[in-house]
Amino acid sequence: MSEELVIETEGLSKRYGRTWALREVDLRVERGQVYGLLGPNGAGKSTSIRVLTGLVGPTAGRARLFGRPVGARRHAAGGVVGVAVEQPALYSYLSGRENLGMLAALSGGVSERAIAEALELVGLRGREDDKVSTYSHGMRRRLYLAQALLPEPELLILDEPASGLDPRGLVLVRDLLHRLNEQRGVTIFLSSHLLHEVEQLCTHLAIIAGGRVVAQGPVEELLSGAQVRLEVYTNNPRRALSLVGAYHGVEQARAGPKVVELYCRPYAVADINEMLVGEGLRVFGLIPHHETLEDLYMRLTEDNEAAHDADN
Amino acid sequence: MKLRTTLTIELSKMLAQRGTYVGCVVLGVLTGLLVWGIWRLGPPVELQRAVGERFVIGGKVVTGPLIPLLLLEFPVTLHLLIPLLVATIAGGLVAGEKRAGTLRTLMTRPVPRASLLAGKLLAGWLYAVGLVAFLGLFSGLVGYLVFGRGDLVVMSFHGSTFGILAEPQALIRLALGYALAAVAMMAIASPGLLLSTICDNPLTATGLTIAILFVCQALGLIPYFKWLEPYLLTEYISVYHEAFASTIDWAQVASSTKYLAAYIVVPAIAALLIFQRRDVLC
């Protein structure tokens, strides 16, 4: 139902000079989802987040948060959205507590208790009165996340939240986001280029490449509908390549000295075997590799990055 | 409400930075040097010459109120030093935050951009006023402590004005002179902030603000551009002179203040329009 949509974009496009950073991006994020925006560097993840948070205006298309348009280069949803965009940018000459107090004041103010709770959540209790200039990168990253938690948001928009964190910090942030989503029902929209992070955190994802969304949906659905990478061991890989190349639904087929590699739907494996045997080839083995998120990501981003480079 | 919040935040940030106090230290040192020089060597040569050639004055020439006046008259104070300090702070208000990345943190909070910029603008103006007020109060305090009370011998270093103001009247005139100087410095803060919204580097914004002042000064000296004189900011920086005339020409004060107000308001509106529309890419 449309009232459940927390983020909605239609034909969202953004051009910097002659370069299109986003092209007709349609996103639909529903309340309660943990939605990952996955893509390589320069794919348009940060631009998407900048448009959603009102930092930049779109060249074309529309974006809505909680059904209200993001316009005039400011986000319309007020204090219910917590945002952490890119690298942690905080006032190094102020303490952690002063930073949080000051930024929360811009959202209408919060109690000292709420600030203390946010510091506790990100594991910075005990260092809150130290100047940020004395913090490590990981601590700044966590403090930056803490400011997004004030006041209690219904939606968190996070740009590369795990970037620069050590393993302990990574676990802390991942657990925190899980808890916020499960216990408080906070919708989380995050961008990342870390596949493992997205796979562990997200219920839904969109893969963006070359400024376009090339796939989106529930993570499980995306993977179940994905193709398999099939290795075909045969006595004549060259001939096998020409035969499978003509088969409907086969993609990215290539032949090695002993093996043909291709992508196809899972149901096509048996048909391919039958066809090759029917053409008189000896098939020694058919090994289907079910596509992981990494395979899916690599396959979808490779082609689109090339197309994007050609367009610009 | 939002404006009060953004102003409070801007002032807190300003007060938390050491750089903010550099101006006070510099002006304090300048005051100290001047007072030390007069205490050790006597009044400035120009003052001695101007007074000595025309009158024989009984009593003290150098009194407490003279120190703030001398500092206002100092060629570098209002034409270089304070403008440089004001331009540095104003130039960093937006561009400094762009460079540090903190502007995007601020702008992702649910606060209208206009309020955010208005807070910065008010903070920049308050800094300009505060710096001038500090100079006036500190130099007055030091002047009174070292030289004691007394009337004020008013003279222009150009020798066109000479007079003696009784102490109560002198204090009123000094307050007026410093108030006019503060307005002139606000007129430097506004273009500084405008350039700060345009530039990504605070040093560029500061440099351009100072460059504008120098260009104005240069244009005022070139006969071909005499017609531009009424519109040049530098023509009105010395408006405080009016406060020490034997009779204050209020029409002249109002006219000068009107031009200064234009220099305060027009860049502020331009900055607001640009800030509202600009993509934040830092």
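Lettering follows sequence order; numbering is per chain, from 1. Because the structure is predicted, anything quoted here is derived from the model rather than measured.
Using a 4.5 Å cut-off between heavy atoms, B:Leu103 makes no contact with chain A at all. Interface remark: A:Leu106 contributes backbone and side-chain atoms alike to the contact with chain B (heavy atom separation under 4.5 Å). With a 4.5 Å cut-off on non-hydrogen atoms, B:Ala16 touches chain A through its backbone and its side chain both.
Among all heavy-atom pairs drawn from A:Leu55 and B:Met107, the shortest one is CD2-CB, 3.8 Å. The nearest pair of heavy atoms linking B:Gly101 to A:Ala89 is O-CB, 3.1 Å. The two residues B:Asp279 and A:Lys14 have their closest heavy-atom pair at OD2-NZ, 2.6 Å.
Atoms CG and CZ, from A:Leu150 and B:Arg109 in turn, are 7.0 Å apart once rounded to the nearest 0.5 Å. Distance check, rounded to the nearest 0.5 Å: CD of A:Glu98 to CD1 of B:Ile9 gives 12.5 Å. The structure places NZ of B:Lys13 at 10.0 Å from CG of A:Asn99, a figure rounded to the nearest 0.5 Å. Remark: A:Leu103 CG to B:Thr108 OG1 distance equals 8.0 Å, nearest 0.5 Å.
The neighbour count for B:Tyr21 OH, taken as heavy atoms of other residues, nucleotides or ligands under 6.0 Å away, is above 12.
With contacts defined as side-chain heavy-atom distances shorter than 4.5 Å, the pair A:Tyr91/B:Thr105 does not qualify.
Checked by atom type and distance alone, the side chain of B:Thr5 never pairs as donor or acceptor with a backbone atom of A:Ala105 at under 3.5 Å.
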